[in-house]
Amino acid sequence: MSSILLVAELHDGHVRRSTHSSITFARQTGLPFSILVIGHGAQSAAAEMVAYGATKVVTVDDAYLGHVVAERFAPTIAEIAKGGGFDIVVMTASSFGKDVAPRVAAKLGAGYASDISSVSVEGGSLGYKRPVFAGNAFANAKLTTPFQVVTVRQSEFAPAEPSGGSSSVEPGTLAAKDPAADRVEFVALGEAKSERPDLGEAKVIVSGGRALKEKFAEVLDPLAGLLGAAVGASRAACDAGYAPPELQVGQTGRVVAPKLYVAIGISGAIQHLAGMKGSKTIVAINKDADAPIFQVADYGLVADLFVAVPELVNELKKHA
Amino acid sequence: MKILVPLKRVADPDNANKVKVNAGKLETTGLEWKPNPFDEYAIETALRLTENGATPKVRQGEVVVVTFGPKEAEVTLRGALATGADRAIRVDCTDEQLDGDIVARALAAIAATEKPDLILAGKQAVDGDANQVGQLTAEYLHWPQATFAGSITSENDASLLVVREVDGGTITLRVTLPAVVTVDLRIVAPKSVKSKFTAEGHAYPDGVRFAALMAIMAAKKKSLVELKLADLVPDAALKIAYAAFELPPGRKAGIKVKTVSELVEKLKSEAKAL
Ligand SMILES: Cc1cc2nc3c(=O)[nH]c(=O)nc-3n(C[C@H](O)[C@H](O)[C@H](O)COP(=O)(O)OP(=O)(O)OC[C@H]3O[C@@H](n4cnc5c(N)ncnc54)[C@H](O)[C@@H]3O)c2cc1C
Ligand SMILES: Nc1ncnc2c1ncn2[C@@H]1O[C@H](COP(=O)(O)O)[C@@H](O)[C@H]1O
């Protein structure tokens, strides 16, 4: 019978919330799963993973894994999968997962289903559904190999809550160094410091497009602050430098599904829709009544955003 | 520097909302083919990295484009040759014979004979959105990788400084060549790519260059060779099998509100989103 090795992602000594989406995947398969907490500080972070129903929690804690470099992580993940009898490796499709998982797949000779939106159990094997063509179609896929590697879309697998119990924690072994690892040097981490919630975790997202120009932050910040929202952006806003690149939502940016997504001065190109049309409620503010964003918006307001957004802030303050 | 750029033709993304599914099969008939935008960015990056800064430009190194696909995909290769790539390779196959793993293994085989210093790929092909070929290729070659590059500085002939765009910020890596780099959208901004010849403060026009008519004519004479998939990957069994395709559930069209206060009211009482 199959069993799953779930790779947790560490950040600042804690397991990232995005990892909880992989737990949901594992639970949906009904297969036994173990969690690999790998990275510098894994030992202490492992405690955060013991109450989720894993068979065991394996830790690999080493200063060598202090920076996320795919060539350093992939060998250990692959060796633990092989040595522990795990035939399915799952990670969340964060930039870390997307960087590392394919290298693990190549090491295992595994097929790799990336960025899946759902999983089904069909006659003892797993079926994966993945969005293609910017979410304009879904493909149903199966992997034909003994080992399988999967990354799951954070927006489609709700974060798992603890289920009680206490998994045993045991140390795993750091694999031999990859020759490729000697040829990549970690130089710097440029972390955007922000008090706002992460785009992948926010319940509300206020997102701005090219129309905001240099007033991007000036117009959106008060609204985001009031709503406790994360700030997102269209590609055009990022390309023009109005918003930093890590805020981009879309086919090739972050894929999000908050309770409320407010699209402001965004036309609604298919590449943008691909990243947000799974949101529960969508609001669009755009001065062009024919903008495609209105085709997916639950509530559309045809207005000049420079007037409407400050008005919205005032109105919300009244209700607060 | 010798750079290998894998180039895929994809159904025109701006027509992707016309993608049709017929009895579980994806219909691409009637869709226009275009180069994958990320691969166009990779070619532009390769050209910038190999320019020597002189006018007229003299290439310092070589840019080789390779595609996997049927004869018709040669149009896409010719387009790349017209914008400045030096020569092209087409690996003959149908799209049904491919998955990311086979493309990667075949690319690794090509790299073994071509011996490029750098493989510069798109971060993803916007048809399958798989985001895996670059990473798989790097692993098969035992080369280092830098994925999702937003800027590249070639400091010398031996290494590249790459700023990667990741969730929540950037990661800067220095990779020793040969290596695989996959490019993100911002790589074609005016100052994202610097070779050792790039003048201090030089700014490229935003985006990718277009081919001049003369270049289009000249590209017809550039070398385009055909290889057989089976010669590169003897065991070309698919690792991922696609069964039925389906269309996503449509989103119900909403309503237009007239005022901001009506919007707030609806969000509170109807959508319960506030
Ligand atoms: C390979 C590739 C990948 C891409 N990936 C992404 C992606 O991940 N995410 C993404 O977002 N895009 C992506 N794009 C780009 C996408 O195609 C669009 O170009 C982009 O989303 C447009 O951004 P925008 O809506 O801000 O700008 P525009 O299309 O210029 O729209 C601006 C909107 O603002 C409105 N407006 C102007 N002034 C006002 C005002 N005063 N008040 C109210 N409304 C106003 C206009 O009516 C218009 O609808 C990608 C494109 C390619 C080729
Ligand atoms: N059939 C193909 N022919 C040429 N290059 C390809 C092909 N498929 C993928 N690639 C390359 O691999 C990158 C990533 O593709 P993917 O992993 O399929 O999203 C693309 O941007 C191309 O550079």
Side-chain angles (χ1 to χ4, degrees), chain A residues 70-71 94-95 98-99 102-103 105-107 111-115 131-145 179-180 183-192 198 235 239 245-246 251-252 259-260 270 277 281 283 295-302 308 311-312 315-316 319, chain B residues 13 16-17 19 21 26 100-101 124 126-132 135-136 138-140 142-145 147-148 150 161 165-176 179 185-186 238-248 251 253-257 260-261 263-264 266-268 271 273:
Chain A
E71 294 81 349
S94 59
S95 52
K98 289 177 184 169
D99 190 42
R103 291 196 83 119
K107 281 182 185 293
Y112 171 44
S114 56
D115 209 16
V132 294
F133 286 99
N136 285 288
F138 282 95
N140 290 292
K142 286 210 168 185
L143 299 176
T144 58
T145 45
R183 298 203 284 127
V184 51
E185 179 197 336
F186 184 93
V187 178
L189 176 68
E191 228 176 341
D198 179 76
R235 174 190 175 179
D239 279 0
E246 67 270 11
Q251 178 190 21
T252 55
K259 258 181 76 185
L260 176 62
I270 57 158
K277 68 181 175 190
T281 300
V283 170
Q295 289 162 23
V296 300
D298 300 281
Y299 302 104
L301 178 65
V302 181
E311 216 183 298
L312 180 57
E315 189 72 22
L316 287 169
H319 288 257
Chain B
N17 51 355
V19 166
V21 174
L26 210 56
D101 187 74
Q124 76 196 63
V126 298
D127 49 1
D129 287 327
N131 195 328
Q132 54 175 263
Q135 299 90 313
L136 291 169
E139 181 59 40
Y140 285 129
H142 308 292
W143 289 4
Q145 72 187 34
T147 52
F148 325 146
L161 192 69
E165 290 190 4
V166 298
D167 300 347
T170 58
I171 290 178
T172 306
L173 299 178
R174 180 174 288 113
V175 288
T176 302
L185 299 167
R186 255 67 64 178
L238 294 174
K239 287 183 176 164
I240 184 159
Y242 283 109
F245 287 81
E246 57 194 72
L247 290 178
R251 233 195 127 90
I255 57 157
K256 291 237 170 78
V257 292
V260 165
S261 55
L263 174 63
V264 172
K266 293 271 186 214
L267 285 175
K268 273 195 165 230

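Side chains are part of it too, since the values below use all heavy atoms of this structure and drop only hydrogens, waters and symmetry mates. The structure presented is a predicted model; accordingly, all values stated were derived computationally and were not measured. Order of the sequence lines sets the chain letters (A, B, ...), proteins ahead of strands, with each chain counted from 1.
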Next on the checklist: Is Glu71(A) in contact with chain B via its backbone, its side chain, both, or neither, using a 4.5 Å heavy-atom distance?
Outcome noted: side chain

Checklist entry - For the residue pair Glu246(A) and Gly169(B), what are the closest heavy atoms and their distance? => result CB-N, 3.6 Å

Next on the checklist: Could you measure the distance from the CD1 atom of Ile171(B) to the CD atom of Glu191(A)? Nearest 0.5 Å is fine.
Outcome noted: 9.0 Å

Item to check | Lys266(B)/Asp298(A) salt bridge by N-O under 4.0 Å criterion | outcome: no

Checklist entry - How far apart are the closest heavy atoms of Val184(A) and Pro144(B), and which atoms are they? => result CB-CB, 4.0 Å

Next on the checklist: For Leu267(B) and Thr281(A): C-alpha separation, side-chain torsions, deciding distance, then whether side-chain contact (heavy atoms from CB on, under 4.5 Å) applies.
Outcome noted: CA-CA 9 Å; Leu267(B) 285 175; Thr281(A) 300; 4.0 Å; yes

Next on the checklist: Among residues at least two apart in sequence or on other chains, which ones pass side-chain hydrogen bond (donor to acceptor under 3.5 Å, both in side chains) with Gln124(B)?
Outcome noted: Asp129(B)

Checklist entry - Can Leu185(B) and Thr252(A) be said to form a side-chain contact (heavy atoms from CB on, under 4.5 Å), step by step? => result CA-CA 8 Å; Leu185(B) 299 167; Thr252(A) 55; 3.6 Å; yes

Checklist outcome for this item: One should read off an interatomic distance between Gln132(B) CD and Arg103(A) CZ, to the nearest 0.5 angstrom, of 14.0 Å

Checklist entry - If we only count heavy atoms from C-beta on, is the Leu173(B) to Val187(A) side-chain gap below 4.5 Å? => result no

Item to check | Winner by heavy-atom pair count (cut-off under 4.5 Å) against chain B, out of Gln295(A), Glu311(A), Lys259(A), Lys277(A) | outcome: Glu311(A)

Checklist outcome for this item: The interface call for Leu26(B) against chain A, heavy-atom contacts under 4.5 Å, is side chain

Next on the checklist: Looking at every heavy atom in both Phe148(B) and Lys98(A), which two are closest together, and how far apart are they?
Outcome noted: CZ-CB, 3.9 Å

Checklist entry - Of all heavy-atom pairs between Gly135(A) and Pro248(B), which one has the smallest distance, and what is that distance? => result O-CG, 3.3 Å

Checklist entry - Which region of Leu312(A), side chain (C-beta onward) or backbone (N, CA, C, O), has a non-hydrogen atom less than 4.5 Å from a non-hydrogen atom of chain B, or is it both or neither? => result both

Next on the checklist: Using the side-chain hydrogen bond (donor to acceptor under 3.5 Å, both in side chains) criterion, which residues pair with Thr176(B)? Sequence neighbours excluded.
Outcome noted: none

Checklist entry - Within a strict 4.5 Å, meaning less than it, do heavy atoms of the Phe245(B) and Asn140(A) side chains meet? => result no

Checklist entry - Quick one: of Gly168(B), Ser261(B), Ala179(B), who has the most non-hydrogen atom pairs under 4.5 Å with chain A? => result Gly168(B)

Checklist entry - Are any of the side-chain heavy atoms of Leu301(A) and Val260(B) separated by less than 4.5 Å? => result yes

Next on the checklist: Do Asp101(B) and Tyr112(A) make a side-chain contact, defined as non-hydrogen atoms from C-beta onward lying under 4.5 Å apart?
Outcome noted: no

Checklist entry - If every non-hydrogen atom of Gln135(B) is compared with every non-hydrogen atom of Asp99(A), which pair is closest and at what distance? => result CG-O, 3.7 Å

Checklist entry - When rounded to the nearest 0.5 angstrom, what distance separates CG in Asp167(B) from OG in Ser95(A)? => result 3.5 Å

Item to check | chain A contact via Val264(B) - which portion, at a heavy-atom distance below 4.5 Å | outcome: side chain

Checklist entry - Has the side chain of Arg251(B) got a donor or acceptor atom that lies under 3.5 Å from a matching backbone atom of Val296(A)? => result yes

Item to check | Top contributor to chain A contacts, counting heavy-atom pairs under 4.5 Å, from Ala271(B), Ala243(B), Ala244(B) | outcome: Ala244(B)

Next on the checklist: Below 4.5 Å, heavy-atom pairs only: which of Gly190(A), Gly111(A), Ala297(A) has the largest tally toward chain B?
Outcome noted: Gly190(A)

Next on the checklist: Using side-chain contact (heavy atoms from CB on, under 4.5 Å), reason through Arg183(A) and Trp143(B) one step at a time and then give a plain yes or no.
Outcome noted: CA-CA 8 Å; Arg183(A) 298 203 284 127; Trp143(B) 289 4; 3.5 Å; yes

Checklist entry - Hey, mind stepping through Glu315(A) and Leu263(B) against side-chain contact (heavy atoms from CB on, under 4.5 Å) and telling me if it holds? => result CA-CA 10 Å; Glu315(A) 189 72 22; Leu263(B) 174 63; over 6 Å; no

Checklist outcome for this item: Rounded to the nearest 0.5 Å, the CG atom of Leu247(B) sits from the CZ atom of Phe138(A) at a distance of 10.0 Å

Checklist outcome for this item: With Ile240(B) as partner, the option from Thr145(A), Leu143(A), Thr144(A) fulfilling side chain to side chain contact (heavy atoms under 4.5 Å, CB included) is Leu143(A)

Checklist entry - Side chains of Val302(A) and Lys256(B): closer than 4.5 Å at any heavy-atom pair? => result yes

Next on the checklist: Is the shortest side-chain heavy-atom distance between His319(A) and Lys268(B) below 4.5 Å?
Outcome noted: yes

Checklist outcome for this item: Note: vs chain A, highest number of non-hydrogen pairs under 4.5 angstrom among Gly254(B), Ala273(B), Ala241(B) is Ala241(B)

Item to check | Contact origin within Ala137(A) toward chain B - heavy atom pairs under 4.5 Å | outcome: both

